[in-house]
Amino acid sequence: MIDVVVVGGGMAGLTVAAELAARGRRPLVLEASGAVGGLVAAGVVGGLEVDLGAEAFAVRRGEVADLAASVGLAVERPAGGSWVWAPDGPVRIPAESLLGIPADPGAPDVVAALGPDGAARAARDASLGPEAGADAADLATLVRTRMGEAVLARLVGPVAGGVHNADPADLAVDSVAPGLRAALAAEGSLAAAVRVLRAASGPGAAVATTTGGLFRLPRALAAAVERHGGAVRTASSVTALRRHGEGWEVEGTGPAGPFRVQARAVVLALPERAALPLLAGVVDVGAHVPAPGSAITHVTLVVRAPALDAAPRGAGLLVPPGPVRAKALTHATAKWAWLGAAAGPGVHVLRVSYGRRGEPTDDVDADLARRDAAALLGVALAPGDVLDAHVVRRSDVLAAATPAHREAVTALAEGAGRAGVHLAGTAVAGTGVAAVVGHARGLATTLAAPL
């Protein structure tokens, strides 16, 4: 009898398991693929081991940094700022902002991004009172009501749209910016609310990574689970979940063939579509149909281009529809000191991202990424400058963040929880490593006491 079976070895499942194991419980993690990490994945490109999935986390709440420290990993913040491609060309994202929402509409970098008229409209936020936009469920309505169209079109649209792969009108505020509406009610203005949330993350960039690559974190968590008496099994697919006495029986197939495991509790740390068939025997899923997630394609390029030593777009930039097919570019060797040192002068790692909602990416290849990167960076990149390239395609990976979908998934998770099966991961926690880890740590605390 296992204390907890965790189905899914991504960041959510490993965080739950590591927290439980550290408290003396015995978790078993079952991961269908051949490696842990899920969307926090790695690969070797141009002789460098680099992140091929998520490569950073938001620092505003501190959970991920604390988790990294608990498994002996150092954390670093990016060097240089980031840009967006506004309708008239690239502009810097204000240093003090949240999803593009400025903390000070009068700051010089905000005025430069919005223009005097746009900045003046944004500054009216301070005189509106906390009731304006307080009931806005989606991000676009909140920003437009409080700060006007220029902030939405030139900053929030490209930034939030790039991060969450959706129009801000389709993004639930409470999902993509937890605590923002509560801070607005308490502080009286949206800018002040952003300042409060920014202050909670400390000075500097709002994101960070583990030195050497974020992919080191799930590997270290898996090692910690086993060091504290738990177990992690890859290439182990779960096919059925059923009640067994006061606990559960988990059935699946692993490297040695079929298996059955009894557990006191079960955590499904899976994408929504993968979790639903297992939940069908636990709770009435009714007519619930998962909202389709986005397909994304990342092209990692290693290029020899000394002109990029100057980092013309800082750590990278987010791109609205229009100038190129790409929706974002990360200049990884400029963003992360550890990678810049590993690559050496004149050699750069670029990650070009594709896949706006509803847009096919089957034709995306390294040559398209090279051309888009050259256009966005303003630096010539010939085919011969590309030393190596790697294309990663993922389908249905970014969970929908609409208010209606969030409400439906929350109800499903509460029903399953009452039956004794708990959900973790982006479907219930929201997008981003910080959201997933924060939710998973809270779930582990809830589970540990009765066990």
Side-chain angles (χ1 to χ4, degrees), residues 50-51 54-60 75-104 107-114 139 143 150-166 168 176-177 194 197-198 201-209 214 296 298-301 308-324 326-340 348-354 356 369 372-379 431-434:
V50 297
D51 287 300
E55 48 107 36
F57 57 86
V59 298
R60 66 178 179 269
V75 167
E76 67 178 67
R77 297 204 186 189
S82 296
W83 296 59
V84 293
W85 199 282
D88 52 350
V91 297
R92 289 182 182 273
I93 298 173
E96 293 298 318
S97 61
L98 175 67
L99 291 177
I101 306 169
D104 177 7
D109 56 358
V110 177
V111 177
L114 300 178
L139 188 62
V143 172
V151 173
L152 180 61
R154 297 179 65 83
L155 292 174
V156 176
V159 175
V163 171
H164 295 284
N165 208 33
V176 299
V194 170
L197 296 186
R198 288 278 302 168
S201 65
V207 299
T209 194
L214 190 59
I296 57 174
H298 295 308
V299 183
T300 299
L301 304 174
L308 290 180
D309 290 353
R313 296 291 178 260
L317 73 170
L318 296 159
V319 189
V324 294
K327 66 173 187 174
L329 180 143
T330 300
H331 188 168
T333 37
K335 186 174 185 178
W336 306 118
W338 72 268
L339 186 55
H348 293 270
V349 179
L350 309 174
R351 182 159 77 169
V352 192
S353 302
Y354 297 84
R356 295 183 179 89
D372 283 357
L376 294 171
L377 294 167
V379 171
T431 301
V433 175

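Keep in mind that this is a model prediction, so the values were computed, not measured. All values below come from the heavy atoms of this structure, side chains included, with hydrogens, waters and symmetry mates left out. Sequential numbering from 1 along the given sequence is applied to the chain's residues.
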For residues [X] and [Y], report the shortest heavy-atom separation together with the two atoms involved.
| X | Y | value |
| --- | --- | --- |
| A150 | L114 | O-CD2, 3.7 Å |
| V433 | A56 | CG2-O, 4.0 Å |
| A334 | G314 | CB-O, 3.6 Å |
| V352 | A326 | CG1-CB, 3.5 Å |
| D51 | R351 | O-NH1, 3.8 Å |
| L376 | V319 | CD2-CG2, 3.8 Å |

Is the shortest side-chain heavy-atom distance between [X] and [Y] below 4.5 Å?
| X | Y | answer |
| --- | --- | --- |
| V151 | P102 | yes |
| V176 | T431 | no |
| R77 | V59 | yes |
| L350 | L308 | yes |
| D88 | R154 | yes |
| L155 | S97 | no |
| T330 | E55 | yes |
| S353 | I296 | no |

Atom pair [atom1] ([X]) and [atom2] ([Y]), whose distance is rounded to the nearest 0.5 Å:
| X | Y | atom1 | atom2 | value |
| --- | --- | --- | --- | --- |
| R356 | K327 | CZ | NZ | 8.0 Å |
| W85 | R313 | CH2 | CZ | 6.0 Å |
| T209 | F57 | OG1 | CZ | 6.5 Å |
| I93 | L99 | CD1 | CG | 10.0 Å |

Quick check on side chain to side chain contact (heavy atoms under 4.5 Å, CB included): which of D309, L339, V379, L377 does H348 satisfy it with?
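Checked D309, L339, V379, L377 against H348; only one passes side chain to side chain contact (heavy atoms under 4.5 Å, CB included): D309.
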
Would the distance check show the side chain of D109 and the main-chain N or O of A95 forming a donor-acceptor pair, the cut-off being under 3.5 Å?
yes

Checking D372 against L329 for the side-chain contact (heavy atoms from CB on, under 4.5 Å) test, could you report, in this order, the C-alpha distance in whole Å, the side-chain angles of both residues, the deciding distance, and whether it holds?
CA-CA 9 Å; D372 283 357; L329 180 143; over 6 Å; no

